[in-house]
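To keep things clear, I will list the structure first and then write my remarks on it.
Values below: all heavy atoms of this structure, side chains included; hydrogens, waters and symmetry mates excluded. Since the model is a prediction, treat every value here as computed from it, not as a measurement.
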Amino acid sequence: MEWKSVKNLLLVMLLLMNVVLGFFNYRQYQENVLTSSQEKAIYQVLSQNRIILYTDILTKFPPMRKLSLSAPIYSRDEMKHQFFQQEEASITVEFNKTIITSETKTLTMEGNKGQLSFLNGTREAKKVTLTEARKEAEEFMNSLSGKNVENFEVGNVQEIRSGYKVTFFQKYKGEYVFANCFEVYVGERGISYVTLNYYNTEGFTGDKKDICFSDEALLTFLVEMEKEREETGIYETVTIQKMELGYDFQEMEDLKVDNVAKLVPCYRIYVLGKEKPYTINAYTNEIIREVKEG
């Protein structure tokens with residue numbers, strides 16, 4: 001009888017613990033969610049400063065870990081098979097560059113970066129719409145094989161001077177990896193060239209850390225816009241087309257010790273008329289500058 005009472009008491013205590021833990025989890029969830037009033041406020045602040053937010057913004061911000069990458073290892077034969085399939089192609093090496101050439105295209109690889117150029121495009125000339133450009137780019141990605149093109153999704157489609165740029169990012173466990181991307185340029189003659197940037201994704205590392213909310217990142221973007229306006233003397237209205245959260249280099253540095261890099265959560269903000277996005281470190285809420293290679 002005594003044991004039955006003790007067991008009932010333990011069950012009650014466990015139930016209370018579950019209720020308490022559930023309460024704290026709910027509070028943590030609430031603390032990591034952008035409220036409707038915050039969302040409305042950031043739209044108003046941007047509008048007052050001639051910035052139009054022409055996209056939905058993220059509203060949930062759970063703590064995030066860093067992401068480890070390592071330098072890619074691939075053979076020339078693998079690259080030839082992946083991008084040229086059964087087409088006859090020759091391989092040449094110039095210093096640290098590998099160049100693979102066929103009658104229709106040329107692939108130049110240097111480390112983790114590459115460019116595939118189509119000498120005469122991929123089809124007969126005709127005007128192309130955004131939807132058609134995206135479809136052509138997706139068909140190209142689906143035609144490739146190999147581990148370094150797995151789990152890539154369309155991240156953004158931008159109109160550029162000669163057509164459209166369709167950007168594919170790797171998706172790793174539900175998160176965009178901005179450092180791993182294919183940029184497919186589609187114009188009137190189909191695909192003109194493709195740039196690729198690829199590392200091996202090793203996995204998440206370190207403890208989870210809080211990230212800034214999307215409205216905070218947008219305020220940082222606003223400050224950057226005001227700096228640019230003062231420097232250029234141009235005060236035109238700015239239109240934000242898209243905002244994404246994913247992983248990129250902290251301060252855009254190259255691979256560190258033992259060929260391993262640690263990526264941090266970052267926001268990318270795409271502006272109408274500008275090909276390159278603004279990147280903001282989600283840990284520090286600071287603009288990430290362009291990488292200086294050499």
Open item on the list: Please say yes or no: joined through hydrophobic side-chain contacts below 4.5 Å, possibly via intermediate residues, are Leu116 and Val154 part of one cluster?
Closed with: yes
TODO: Determine the sole option in Glu188, Glu139, Glu136 for which the salt bridge (charged side-chain N to carboxylate O under 4.0 Å, His left out) test with Arg123 is passed.
DONE: Glu136
Open item on the list: Once rounded to the nearest 0.5 Å, what's the spacing between atom CG of Leu46 and atom OG1 of Thr237?
Closed with: 12.0 Å
Task: Validation row: Lys165, Glu159 side chains within 4.5 angstrom (heavy atoms) - done: no
Task: Heavy-atom side-chain proximity of Met225 to Ile51 below 4.5 angstrom - done: yes
Open item on the list: Looking at Gly155, is its backbone amide N or carbonyl O close enough to the side chain of Lys242 to form a donor-acceptor pair, meaning the two atoms are under 3.5 Å apart?
Closed with: yes
Task: Distance-only side-chain donor-acceptor flag, Glu87 / Thr104, under 3.5 Å - done: yes
TODO: Please report the closest heavy-atom contact between Gln241 and Thr55, naming both atoms and the distance.
DONE: O-CB, 3.3 Å
Open item on the list: Side-chain heavy atoms nearer than 4.5 Å, only ILVMFWY residues, links allowed to pass through others: does that put Leu245 and Ile57 together?
Closed with: yes
Task: Test log, rule side chain to side chain contact (heavy atoms under 4.5 Å, CB included), inputs Lys105 and Phe84 - done: CA-CA 8 Å; Lys105 50 186 178 282; Phe84 294 82; 3.6 Å; yes
Task: Side chain to side chain, Tyr278 and Ile288, heavy atoms closer than 4.5 Å - done: no
Open item on the list: Could you report the tightest heavy-atom contact between Ala71 and Asn200, atom names first, then the distance?
Closed with: O-ND2, 3.2 Å
Open item on the list: Taking the basic N atoms (NZ, or NE/NH1/NH2) and the acidic carboxylate oxygens, is any pair closer than 4.0 Å for Glu124 and Arg189?
Closed with: no
Open item on the list: Are Phe182 and Phe152, when compared by the centres of their aromatic rings, separated by less than 6.0 Å?
Closed with: yes
TODO: Decide yes or no for Phe83 and Leu144: does some side-chain heavy atom of the first lie under 4.5 Å from some side-chain heavy atom of the second?
DONE: yes
Open item on the list: For the residue pair Thr195 / Gln115, report whether a side-chain donor-acceptor contact shorter than 3.5 Å exists.
Closed with: no
Task: Donor-acceptor pair, side chain of Arg134 and main chain of Tyr164, under 3.5 angstrom - done: no
Task: Donor-acceptor under 3.5 Å (Thr101 side chain, Thr106 main chain) - done: no
- [ ] Could I get the full list of side chain to side chain contact (heavy atoms under 4.5 Å, CB included) partners for Asn285, not counting sequence neighbours?
- [x] Cys212, Glu216, Ala217, Thr220, Ile280
Open item on the list: Does Glu236, at its CD atom, have more than 12 non-hydrogen atoms belonging to other residues, nucleotides or ligands within less than 6.0 Å?
Closed with: no
TODO: Would you confirm whether the ring centroid of Tyr172 sits within less than 6.0 angstrom of the ring centroid of Tyr247?
DONE: no
Task: Donor + acceptor pair across side chains of Glu226, Tyr235 (<3.5 Å) - done: no
TODO: Please answer: with hydrophobic residues joined when any side-chain heavy atoms are less than 4.5 Å apart, are Phe169 and Tyr199 in the same cluster?
DONE: no
Open item on the list: Less than 4.5 Å apart, side chain to side chain, heavy atoms only: is that true for Val194 and Glu183?
Closed with: no
Task: Minimal non-hydrogen separation, Ala179 against Leu263, with atom names - done: CB-CD1, 4.0 Å
TODO: Decide yes or no for Pro63 and Asn32: does some side-chain heavy atom of the first lie under 4.5 Å from some side-chain heavy atom of the second?
DONE: yes
Open item on the list: Would you say Asn96 and Glu110 are linked by a side-chain donor-acceptor pair, where the criterion is simply a distance under 3.5 Å?
Closed with: yes
Open item on the list: Strictly distance-based, threshold 3.5 Å: is any side-chain N or O of Ser117 a donor or acceptor partner for the main-chain N or O of Leu119?
Closed with: no
TODO: Using a strict 4.0 Å threshold on nitrogen-to-oxygen distance, state whether Glu244 and Arg268 make a salt bridge.
DONE: no
- [ ] Report yes or no: does Arg65 contribute a side-chain atom to a donor-acceptor pair with the main-chain N or O of Gly206 at less than 3.5 Å?
- [x] yes
- [ ] Give a yes or no on whether the backbone of Gln44 and the side-chain of Ser47 come within a donor-acceptor separation of less than 3.5 Å.
- [x] no
Open item on the list: Run the side chain to side chain contact (heavy atoms under 4.5 Å, CB included) test on Glu39 and Thr59 for me, step by step, so that the C-alpha distance in whole Å, both residues' side-chain angles and the decisive distance to 0.1 Å come before the verdict.
Closed with: CA-CA 8 Å; Glu39 189 173 352; Thr59 58; 3.9 Å; yes
TODO: Taking all heavy atoms of Glu132 and all of Thr129, pick out the closest pair and write down the distance.
DONE: OE1-N, 3.0 Å
Open item on the list: Using a 6.0 Å distance limit plus a 45 degree cone around the ring axis, check whether Lys209 lies over the aromatic ring of Tyr283.
Closed with: yes
Open item on the list: Just checking Arg76: does its CZ atom have more than 12 heavy atoms from other residues, nucleotides or ligands closer to it than 6.0 angstrom?
Closed with: no
TODO: Answer with yes or no whether the side chains of Thr35 and Gln38 bring together a donor and an acceptor at under 3.5 Å.
DONE: yes
Open item on the list: Between Glu88 and Ser102, is there a side-chain donor-acceptor contact under 3.5 Å, judged purely by atom types and distance?
Closed with: no
Task: Minimum-distance pair of heavy atoms, taken over all atoms of Leu219 and Val45 - done: CD2-CG1, 4.0 Å
- [ ] Count the heavy atoms of every other residue, nucleotide or ligand shown that sit under 6.0 Å from CG of Asp207, and state whether that count exceeds 12.
- [x] no
Task: Working for side chain to side chain contact (heavy atoms under 4.5 Å, CB included), residues Tyr185 and Phe118 - done: CA-CA 10 Å; Tyr185 292 80; Phe118 291 85; over 6 Å; no
Task: Pair Tyr270-Lys274, side-chain donor/acceptor within less than 3.5 Å - done: no
TODO: Report the C-alpha separation of Ile99 and Ile91 in whole Å, then their side-chain angles, then the decisive distance to 0.1 Å, and conclude whether the side chain to side chain contact (heavy atoms under 4.5 Å, CB included) test is met.
DONE: CA-CA 6 Å; Ile99 303 172; Ile91 300 175; over 6 Å; no
TODO: Answer yes if the side chains of Thr92 and Glu94 hold a donor-acceptor pair under 3.5 Å, and no otherwise.
DONE: no
Open item on the list: Give me the atom names and distance for the closest heavy-atom approach of Leu67 to Thr205.
Closed with: N-CG2, 4.4 Å
Task: Approximate separation, where rounding is to 0.5 Å, of Glu153 CD and Met141 CE - done: 10.5 Å
Task: Sole candidate of Phe178, Tyr267, Tyr176 that passes side-chain contact (heavy atoms from CB on, under 4.5 Å) when paired with Asp248 - done: Phe178
TODO: Answer with yes or no whether the side chains of Asn112 and Asn197 bring together a donor and an acceptor at under 3.5 Å.
DONE: yes
